[in-house]
Amino acid sequence: MRKQFVSTLIDIADHDDRVVLLTADLGFMVLEPFAEHHPDRFFNVGVAEANMMSLAAGMAHEGLIPFCYSIATFASMRGYEQFRNGAVLHQLPVRIVGIGGGFAYGTAGPTHHALEDIALMRVQPGVGIVAPADDGQVDRALRDHYARPQPMYLRLAKETASHPELAGRFRWGRLEVIGDGDIAIVAIGSMTGVALEARRRLHAEGIQTAVAVAASIAPAPTEDLVALLSSKNACITIEDHRPVGGLGSLVAETIADHGMGVRLVRCGVTDPTGETTGSEVFLRRRNGLDVDGLMAAVRRVALVPA
Amino acid sequence: MMAGTTTAQVLSSVRVRRLIIEQSKRAHVGHIGSALSIADILVALFSGTVDPKVDVFILSKGHAALAQYCVLAELGLMTHQTLDTYCGDDTQLGVHPDHTLTGITFSTGSLGHGPSLGAGVALAKRIAGKLGRVFVLMSDAELNEGSVWEAVMFAGHHKLDNLTVILDNNGQQALAPTAEVINLSAIDELIARFGWECRRVDGHNVDALTAAFDARAPGRPLFVIADTVAGKGVSFMERQVKWHYLPVDDAQFAQALGEIG
C-alpha cells in the first residue's frame, strides 16, 4: 500500500501543484520516486514529527495540501497536539499518512505497534479517517478525496494487498459489503483479508456471513451500518487496534444510538502491555485476529454447533 | 518605508498600555505583565513593518493576546465595542487568540507551536513564489519547548529568510525567573549556530526594534532578541512573577494608569 500511495500521489502532484510530501525521515525505498519526480515539493523534515505537523498547518494555511508521512505510531501521536491545535482547530487540509497500522511492524516491538491511532483520530472533530483494505482503495480514496478541505488521517498497511471482491471501490462515509448472511463481520481495512477468508470457510460450514469493509472510519458509515445490522442476528467487528475507541466502539455507538438489539462481539487487540513480541502473523493470532480466531468468534454467536 | 515614522501617530505605546490595563481591570483577568512586555514590540511591528496584505503575524505566546487585541483596536481593525467583550461570555476575545477573529491568523495558547507554524507558512510562500514575510513573536520561556528547536533547526537548514522570530526576552516565566528554571546564556550565539541572523535590541525602543526587523540577511532567517521587562511601564508590576497572573484592584488600577500617562 505504501508504494501504491506514492505512485498515486506522484500522479496527483503532476496535475496539482498544491500537493507536497513531508516525511519525518522515514520511507526508505518507498518515497524516492516522489522525491525524484517532485524534488521541489518533497521535504524530509528530519526526525521531528511535532514540527512536521505545525509546518503542515502553516503550509495548508497558505493553500498547499501537505501529506505528512511516518510510521503510524509516530505519525498519529508524536505531533498530536500540534495536529489538534493546528490542522484540526483551523480545519486545514493536512493529511497524516500513518504507515503500518496494528502489528505491521511485528518484531520491531510495541513502540512500533499502532493500536490506538484510530481512537485518537476519531475524537478529533472534522478529521476524515481512511483505513483502506487494499491498493485499489488507496488509489481510489486518494484520487477522489485528496483535495477535501478538512484534515485527514490515512492508515496504510506496509505491504501490497488486493481484494478483487472490492474491485477498487471506496466511498466516503460508506461501507463496502461483500456477500450476505445472518451474521455481519465488520472489518477495518487491514483485516479485510482475514474476514474474507473466514467468510469462505464458514460458508463451507453452513454459516453465512456478510463482510462489511469499513475503510471510511470517519465520517462514520452510520447509515450503511444501520441498514446492514437491521437484518442481522449478530455482528462481529475485527480490527488490528484496541477495541476501545476504534471500529468496535464505532459500531457499538451506532447500535446504541439507534436502539438496535443486535448482538455485538468486538475482536481487537487485548494483549496487556509487557507481552513478548513477534511477527504480525504471530501477534494477530495471539489476539484472535487471524482466520481461526475470527471463525471461532463467529461460531460462538452463530447458534450452530461448531 | 522607515516603519514607525508615518503611522507612529496612530499607534502609541502609551495608548496600547492604557487599554491593556483598562481591559484587564474591566474583565478582572491577569496576564497583564506579559501583555505590557510585548506592547512596544507590537507597536514597532504594526507601525509599518508588517504589511497585512502579504505578511503573516503569529503570536506564539498566546497568553499575551490582550496586547494584540488592543493594537487591533487602535489600528481600527477591531471596534472598541468588540474589545469590550474581552473575556466575557460568548466572546471571540479569550485570553488566547482565536483565528476566527479578523486580524488573527492562527489560534495559539499552547506554547512552542508558533515557530513551526511560521516556518510552514514561510516555506509555503517560497514554494509558491509568494511575497511576504512571516513574523513570530514568542516568549523566552518557550525556548524550553523542544518543538521550538525543531523549528529553529528546520528554518536554518532551509534558509527561510522570509521568516523572522522575535523573542520577548523578559527573563520571566510562570513560576520563576527563566534563569532559575532553564538557564540559557548567549541565546544569540546559540541561535546563530543554527544558521540564523541574530540581533539583540532594547525591546522597549520602537526605533531600535524597527531597525532590527529590517536587518535581514539573504539565506538566513532572522532572530530578534528583544530585551524586555515583564510588566513594563507599571513600577509595581515590573519583574514581578505574580503579575503573570493577578488582575488589578481599584487602587492599583489608578496607580498603573497614572504611571503609564
Notebook entry, point to check: What do the steps show when you test B/Met153 against A/Asn51 for side-chain contact (heavy atoms from CB on, under 4.5 Å), and what is the final call?
Noted result: CA-CA 10 Å; B/Met153 289 187 282; A/Asn51 188 39; over 6 Å; no
Next item on the list: For the pair A/Leu89 and B/His99, evaluate side-chain contact (heavy atoms from CB on, under 4.5 Å) and give the outcome as yes or no after the intermediate values.
Entry: CA-CA 9 Å; A/Leu89 184 56; B/His99 70 282; 4.3 Å; yes
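- Contacts with chain A were tallied for B/Lys125, B/His158, B/His157; B/Lys125 has the most, counting heavy-atom pairs under 4.5 Å.
- When each of B/Ile58, B/Val121, B/Thr108 is checked for heavy-atom pairs under 4.5 Å with chain A, B/Val121 comes out on top.
- Across every non-hydrogen atom of A/His90 and B/Thr105, the tightest pair is CD2-O, 4.0 Å.
- By the neighbour-count criterion of 12 heavy atoms within 6.0 Å, atom CD of A/Glu275 is densely surrounded, having more than that number from other residues, nucleotides or ligands.
- Taking each heavy atom of B/Ala124 and A/Met59 in turn, the nearest pair found is CB-CA, 3.7 Å.
- Minimum interatomic distance between A/Ala57 and B/Leu117 (heavy atoms only, all atoms of both residues): CB-CD2, 3.6 Å.
- Donor-acceptor pairing under 3.5 Å is recorded for the side chains of A/Glu81 and B/Ser110.
- Note: B/Ser107 leads B/Gly109, B/Ser107, B/Gly114, B/Ala151 in heavy-atom pairs under 4.5 Å with chain A.
- The environment of CZ in B/Arg220 is crowded: more than 12 heavy-atom neighbours from other residues, nucleotides or ligands sit within 6.0 Å.
- Looking only at side-chain heavy atoms (C-beta outward), A/Glu62 and B/Ile127 stay at 4.5 Å or farther from each other.
- Taking the side chain as every heavy atom from C-beta outward, B/Ser147 and A/Gln82 approach each other to under 4.5 Å.
- With a threshold of 4.5 angstrom between heavy atoms, A/Leu64 approaches chain B through side-chain atoms but not through N, CA, C or O.
- Looking at B/Ala128, neither its backbone nor its side chain comes within 4.5 Å of chain A, counting heavy atoms on both sides.
- Taking a 6.0 Å sphere around CZ of A/Arg84, one finds it holds 12 or fewer heavy atoms contributed by other residues, nucleotides or ligands.
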